[in-house]
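One structure is given here, and the rest of the page talks about it.
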Amino acid sequence: MAPQGTEDLVEVVRGPRVAERIWNFEEAAECEVLRFDTPPYHTHGTANPIEIEKLGSGVQYRVVYSKSAVQNTAYYSINIQPCIAAGEQARVLPTVPVKLTIYDRRLATVSMSYIESEVKDYLLMVHPSSLLSALTGLFETSWRAALPMHLNDQVPCGLQPVHRRILELLSTGITDDTIAEVLGISRRTLSRHVEAINTRAGSMTRFQMALHAARNGWI
């Protein structure tokens, strides 16, 4: 194969243009978006109406969230939960290896996560190349290792909607305080709901409840 100039493989975007380019890439997606989601955010952690619109038009989204993203209750309520409700396939890991989004497997954007740097006004664009293939492989490996964040259609109809949400949040590994904050309820109320789920599952502990949920396709 003829050698390919490196200027055609990687491009660096800086400053206020970063957020604009991210929205442009999102709007141009046609088939699939793959993402590692972790703070900080070039778009300031706001809602993502473009993703919801794209999901409605048939674009597939697979997102692996870091625990730190899920623990941000404001971000969870305004961004994560609405996107999951609209059809996003979401999973979670304690940390993700890099901030990454891959659009239609034709373009990837990479930027600093809070682990590497507090600087967040740089964006690396990766065009078709072995590097893009490697980043796609990294995503797929992490996706297989991550835990699901939403329930499937096999959840018994006897579970209340709030119980479905609690199971979803418990699977992410966040604390009870954060779950209660996300749901807008007290810790005592959360404990009562967890006890009700235990009763439904016929379990005595959360570990037994998790086994029951996994074995019966609740999550």
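Keep in mind the model is a prediction, meaning the values are calculated, not measured.
- Here the straight-line distance linking atom CD1 of I80 with atom CG of N72 works out to 7.5 Å at 0.5 Å rounding.
- Follow the hydrophobic side-chain contacts under 4.5 Å out from V126 and you reach V12 in the same cluster.
- Grouping Ile, Leu, Val, Met, Phe, Trp and Tyr residues whose side-chain heavy atoms lie under 4.5 Å apart, directly or via other members, places W23 in a hydrophobic cluster with I50.
- Of the inter-residue distances, the one linking K54 atom NZ with C83 atom SG reads 14.0 Å to the nearest 0.5 angstrom.
- Checking side-chain atoms of K99 against main-chain N and O of F36 turns up no donor-acceptor pair under 3.5 Å.
- Remark: side-chain polar atoms of T141 are paired, donor with acceptor, to backbone N or O of G137 under 3.5 angstrom.
- Using a 4.5 Å heavy-atom cutoff, the side chains of V110 and M125 are not in contact.
- Nearest heavy-atom pair, S66 versus T95, reported as atom, atom and distance to 0.1 Å: CB-CA, 4.2 Å.
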Q. For V92 and M149, what are the C-alpha separation, side-chain angles and deciding distance, and is it a side chain to side chain contact (heavy atoms under 4.5 Å, CB included)?
A. CA-CA 6 Å; V92 64; M149 282 183 59; 3.8 Å; yes

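- Distance alone, capped at 3.5 Å, places no donor-acceptor pair between the N79 side chain and the A47 backbone.
- No side-chain heavy atom of R91 sits less than 4.5 Å from a side-chain heavy atom of L147.
- Using a 3.5 Å distance cut-off with no hydrogens or angles, the side chains of T136 and S133 do not pair a donor with an acceptor.
- Looking at heavy atoms from C-beta onward, S142 lies in side-chain contact with L93 at the 4.5 angstrom threshold.
- A side chain to side chain contact (heavy atoms under 4.5 Å, CB included) with F25 is found for exactly one of T101, V33, L107, namely L107.
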(Q) Determine whether R200 and M209 satisfy the following criterion, side chain to side chain contact (heavy atoms under 4.5 Å, CB included), listing intermediate values before the conclusion. (A) CA-CA 9 Å; R200 173 71 181 179; M209 181 176 69; over 6 Å; no

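- By the side-chain hydrogen bond (donor to acceptor under 3.5 Å, both in side chains) test, N24 is found to be paired with no residue, residues two or more places apart in sequence or in another chain being considered.
- Contact record, N198 with T205: OD1-O, 3.3 Å, taken as the closest heavy-atom pair.
- Panel note: side chain S203, backbone T199; no donor-acceptor pair is recorded below 3.5 Å.
- For Y65, there are no ring-ring contact (aromatic ring centres under 6.0 Å, His included) partners at least two apart in sequence or on another chain.
- Between the S171 side chain and the L169 main chain, no donor and acceptor come within less than 3.5 Å of each other.
- Atom CG of L138 and atom CD of E140 lie 10.0 Å apart (nearest 0.5 Å).
- Neither I52 nor V63 shares a network with the other; the hydrophobic side chains, linked directly or stepwise wherever heavy atoms of I, L, V, M, F, W or Y lie under 4.5 Å apart, form separate groups for each.
- A donor-acceptor contact shorter than 3.5 Å is absent between the side chain of S77 and the backbone of A74.
- Scored by the ring-ring contact (aromatic ring centres under 6.0 Å, His included) test, Y75 finds Y41 as partners (sequence neighbours excluded).
- Residues forming a salt bridge (Lys or Arg N to Asp or Glu O under 4.0 Å) with R192 (at least two apart in sequence, or on another chain): none.
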Q.
Walk me through whether I102 and L100 qualify under side chain to side chain contact (heavy atoms under 4.5 Å, CB included).
A. CA-CA 7 Å; I102 302 171; L100 168 72; 4.0 Å; yes

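- Of all heavy-atom pairs spanning A29 and V59, the tightest one is O-CG2, 3.9 Å.
- For the atom pair S191 OG and R188 CZ, the distance stands at 9.0 Å (nearest 0.5 Å).
- Each salt bridge (Lys or Arg N to Asp or Glu O under 4.0 Å) pair with one or both residues in residues 67-80, not counting sequence neighbours, would appear here, but there are none.
- Using a 4.5 Å cut-off on side-chain heavy atoms (C-beta onward), L124 and T109 make no contact.
- For the atom pair CD of E20 and CG of L123, the computed distance is 12.0 Å after rounding to the nearest 0.5 Å.
- The salt bridge (Lys or Arg N to Asp or Glu O under 4.0 Å) search around E53 returns none, not counting sequence neighbours.
- At a threshold of 4.5 Å between side-chain heavy atoms, the hydrophobic network of Ile, Leu, Val, Met, Phe, Trp and Tyr places I78 and I174 in two separate groups.
- Residues V182 and R165 form a side-chain contact, since some pair of their non-hydrogen atoms from C-beta on lies under 4.5 Å apart.
- No side-chain donor-acceptor contact under 3.5 Å links D104 to the backbone of R106.
- When the side-chain hydrogen bond (donor to acceptor under 3.5 Å, both in side chains) test is applied to S130, no partner is found at least two apart in sequence or on another chain.
- Using a 4.5 Å heavy-atom cutoff, the side chains of R187 and D177 are in contact.
- Every residue two or more places apart in sequence or in another chain that forms a salt bridge (Lys or Arg N to Asp or Glu O under 4.0 Å) with E32 is listed here: R62, R105.
- The side-chain hydrogen bond (donor to acceptor under 3.5 Å, both in side chains) check on E181 picks up T73, with sequence neighbours excluded.
- Electrostatic pairing of R206 and D176 counts as a salt bridge here, judged by a charged N lying under 4.0 Å from a carboxylate O.
- By the ring-ring contact (aromatic ring centres under 6.0 Å, His included) test, Y76 pairs with no residue at all, sequence neighbours left out.
- Residues A108 and L135 share a closest heavy-atom pair of CB-CD1, 4.1 Å.
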Q: Determine, step by step, whether L131 and L9 satisfy the side chain to side chain contact (heavy atoms under 4.5 Å, CB included) criterion, reporting the C-alpha distance in whole Å, the side-chain angles of both residues, the deciding distance to 0.1 Å, and the verdict.
A: CA-CA 9 Å; L131 177 56; L9 302 182; over 6 Å; no

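- Pairing each heavy atom of V98 with each of S111, the nearest pair is CG2-O, 4.1 Å.
- Applying the salt bridge (Lys or Arg N to Asp or Glu O under 4.0 Å) test to E26 and every residue at least two apart in sequence or in another chain returns R35.
- Distance check: Q60 CD to Q89 CD gives 4.5 Å after rounding to the nearest 0.5 Å.
- Looking at heavy atoms from C-beta onward, Y103 lies out of side-chain contact with L34 at the 4.5 angstrom threshold.
- For the residue pair L55 and Y61, the shortest heavy atom distance occurs at CD2-CD1, 3.6 Å.
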